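In what follows, a structure is listed as structure tokens, so that the remarks can point back to it.
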Amino acid sequence: MNIRNSAGTIDSHTILYGVFGDPVHHSKSPVMMNAAFRELGINAAYAAFHVKPDRLRDAVYGVRALQYRGVNVTIPHKVEVMQYLDEVDEAARIIGAVNTIVNDDGKLTGYNTDGIGYVRSLKTETGSDLRGKRIVVIGAGGAARGVVHALAQERPSSIRIANRTKDKAVELAKDMSVFADCSGMGMEELSAISDADLVLNTTSVGMHPHTDQVPAANISFQPGMIVSDLIYNPLETRWLQLAGQAGAVVHRGLGMFLYQGAYAFEYWTGKPAPVEVMREAVMRSLQN
Ligand code: ATR
């Protein structure tokens with residue numbers, strides 16, 4: 001299907017991909033995915049499409065009509081897009097959001113690779129096994145849903161979810177409690193936790209330009225504890241810097257972005273994603 005095009009130019013065999021978002025022009029997905037296609041000699045091109053909410057339906061119909069092989073979907077379309085697909089994978093349905101669409105001859109299937117991308121990044125980059133681990137998640141929004149669902153499949157001993165709005169943490173814990181021992185709490189209850197093996201931030205607190213903010217100042221970092229942040233702008237948040245100074249193992253957010261893309265690439269092409277090439281392409285782009 002992917003007729004090689006070693007010159008790396010677009011021709012009449014080029015298979016098309018893209019990302020739908022609003023806004024979208026800050027996205028690093030085109031740089032990352034095109035580097036991956038180039039590395040594997042696949043004749044494909046990936047672009048960013050600024051799709052407004054009232055045009056999402058038309059855009060998805062366009063994927064079928066124009067025979068795009070796949071698209072990623074980002075903010076604010078991850079929930080809305082589900083109604084326009086032919087099938088939604090079970091995990092994506094439970095999470096309630098789709099970030100990857102695969103087009104098999106006009107049949108569109110939606111997946112969520114955010115959570116599984118996070119877990120693959122965590123395991124690859126820290127070498128840790130999550131079985132039996134005590135996990136604390138800060139935040140209970142859309143990103144937390146995908147990540148908690150994927151973490152819950154790894155047989156942790158417990159997942160405690162803390163959120164500014166406690167009710168949302170309790171609700172997310174309830175939704176995921178069929179997979180693992182999950183509980184919800186308010187942020188103030190974090191100060192009582194001293195036995196966590198992994199603590200991760202899924203909120204936007206600490207993201208550029210508010211880089212001096214931390215999501216939870218009342219967590220007590222322990223040497224050897226893994227502390228992880230989904231934010232990758234900045235590459236290392238203030239919160240992760242503090243954790244590192246306290247002897248914790250730091251896991252940065254760029255990995256989740258890379259591996260959610262790696263899974264999408266693998267679903268579309270059936271080939272292992274060249275993750276290090278993708279990482280270098282994104283890092284270069286972030287530095288420019
Ligand atoms: P995303 O899809 O990125 O997860 P979201 O669904 O809007 O975005 O969720 C944002 C998360 O960050 C929520 O858990 C939110 O807490 P609330 O449920 O109380 O709103 C959390 N969050 C955002 N800004 C925050 C802040 N300044 N302090 C604490 N938590 C914050």
Side-chain angles (χ1 to χ4, degrees), residues 19-24 26-29 51 53 56 72-82 91-100 110-119 121-122 135-152 159-176 182-191 193 199-219 227-234 237-240 242-243 251-261 264:
V19 54
F20 294 170
D22 176 27
V24 80
H26 64 285
S27 173
K28 299 296 174 199
S29 290
V51 177
L56 180 62
N72 288 124
V73 182
T74 189
I75 289 168
H77 304 314
K78 289 185 182 188
V79 177
E80 290 302 312
V81 78
M82 293 200 291
R93 194 171 41 74
I94 294 165
I95 293 161
V98 156
N99 76 324
T100 300
Y111 298 89
N112 189 309
T113 69
D114 287 331
I116 54 175
Y118 172 78
V119 167
S121 151
L122 186 72
I135 300 173
V136 174
V137 175
I138 300 164
R145 285 191 76 82
V147 166
V148 171
H149 180 268
L151 287 169
I159 303 178
R160 284 166 284 185
I161 305 160
N163 195 43
R164 176 176 63 178
T165 312
K166 179 177 172 175
D167 288 355
K168 277 173 68 182
V170 171
E171 191 186 330
L172 175 55
K174 190 164 142 270
D175 289 351
M176 300 299 167
C182 298
S183 55
M185 63 181 77
M187 294 293 283
E188 67 292 343
E189 291 168 67
L190 284 172
S191 47
I193 295 177
V199 182
L200 67 119
N201 172 43
T202 71
T203 76
S204 51
V205 181
M207 194 184 286
H208 178 81
H210 306 292
T211 53
D212 56 334
Q213 295 180 2
V214 297
N218 56 345
I219 274 272
V227 180
S228 173
D229 201 324
L230 302 193
I231 294 170
Y232 65 89
N233 184 13
T237 58
R238 172 89 189 118
W239 193 62
L240 286 188
L242 294 171
H251 174 246
R252 298 160 160 201
L254 186 63
M256 171 167 162
F257 175 68
L258 288 172
Y259 284 97
Q260 63 76 33

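Atoms within each ligand, like the ligands themselves, are counted from 1 in listed order. As the structure is a prediction and not an experimental result, all values here were calculated from the model.
- In this comparison of Ala162, Gly141, Gly206, Pro215, the heavy atom closest to atom 10 (C) of ligand 1 sits on Gly141.
- The shortest distance between side-chain heavy atoms of His251 and Ser121 falls below 4.5 Å.
- The backbone N or O of Met187 sits less than 3.5 Å from a side-chain atom of Asn218, completing a donor-acceptor pair.
- If you check which protein heavy atom lies closest to atom 6 (O) of ligand 1, you get Gly142 N, 2.9 Å.
- Under 4.0 Å from ligand 1, the heavy atoms of Lys168 that appear belong solely to its side chain.
- Shown in contact with Gly139 at under 4.0 Å from a heavy atom are these atoms of ligand 1, numbered in order with element: 14 (O).
- Under the 4.0 Å distance rule, the nearest protein heavy atom to atom 4 (O) of ligand 1 falls inside the cut-off.
- From the protein, the heavy atom lying nearest to atom 14 (O) of ligand 1 is Asn163 OD1, 2.7 Å.
- Side-chain atoms of Tyr118 and Thr202, non-hydrogen and from C-beta on, never get closer than 4.5 Å to each other.
- Shortest contact from atom 17 (P) of ligand 1 to any protein heavy atom: Thr165 OG1, 3.5 Å.
- Of all protein heavy atoms, the one closest to atom 29 (C) of ligand 1 is Arg164 CD, 3.7 Å.
- Taking distance alone, with nitrogen or oxygen atoms compared against 3.5 Å, Ala144 stays at or beyond that limit from ligand 1.
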Pair Ile219, Val227 - check side chain to side chain contact (heavy atoms under 4.5 Å, CB included), show working.
CA-CA 10 Å; Ile219 274 272; Val227 180; over 6 Å; no

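- No option in Asn112, Asp114, Asn99 other than Asp114 meets the side-chain hydrogen bond (donor to acceptor under 3.5 Å, both in side chains) test with Lys78.
- Taking a cutoff of 4.0 Å between a charged side-chain nitrogen and a carboxylate oxygen, Lys166 and Glu189 qualify as a salt bridge.
- Atom OG1 of Thr74 sits about 8.0 Å away from atom CD of Gln260, to the nearest 0.5 Å.
- A donor-acceptor contact shorter than 3.5 Å is absent between the side chain of Thr211 and the backbone of His208.
- From the protein, the heavy atom lying nearest to atom 12 (O) of ligand 1 is Thr203 CB, 3.3 Å.
- Near Ala143, meaning under 4.0 Å from any of its heavy atoms, are these atoms of ligand 1: 1 (P), 2 (O), 4 (O).
- Looking at Val205 next to ligand 1, no N or O pair under 3.5 Å apart turns up.
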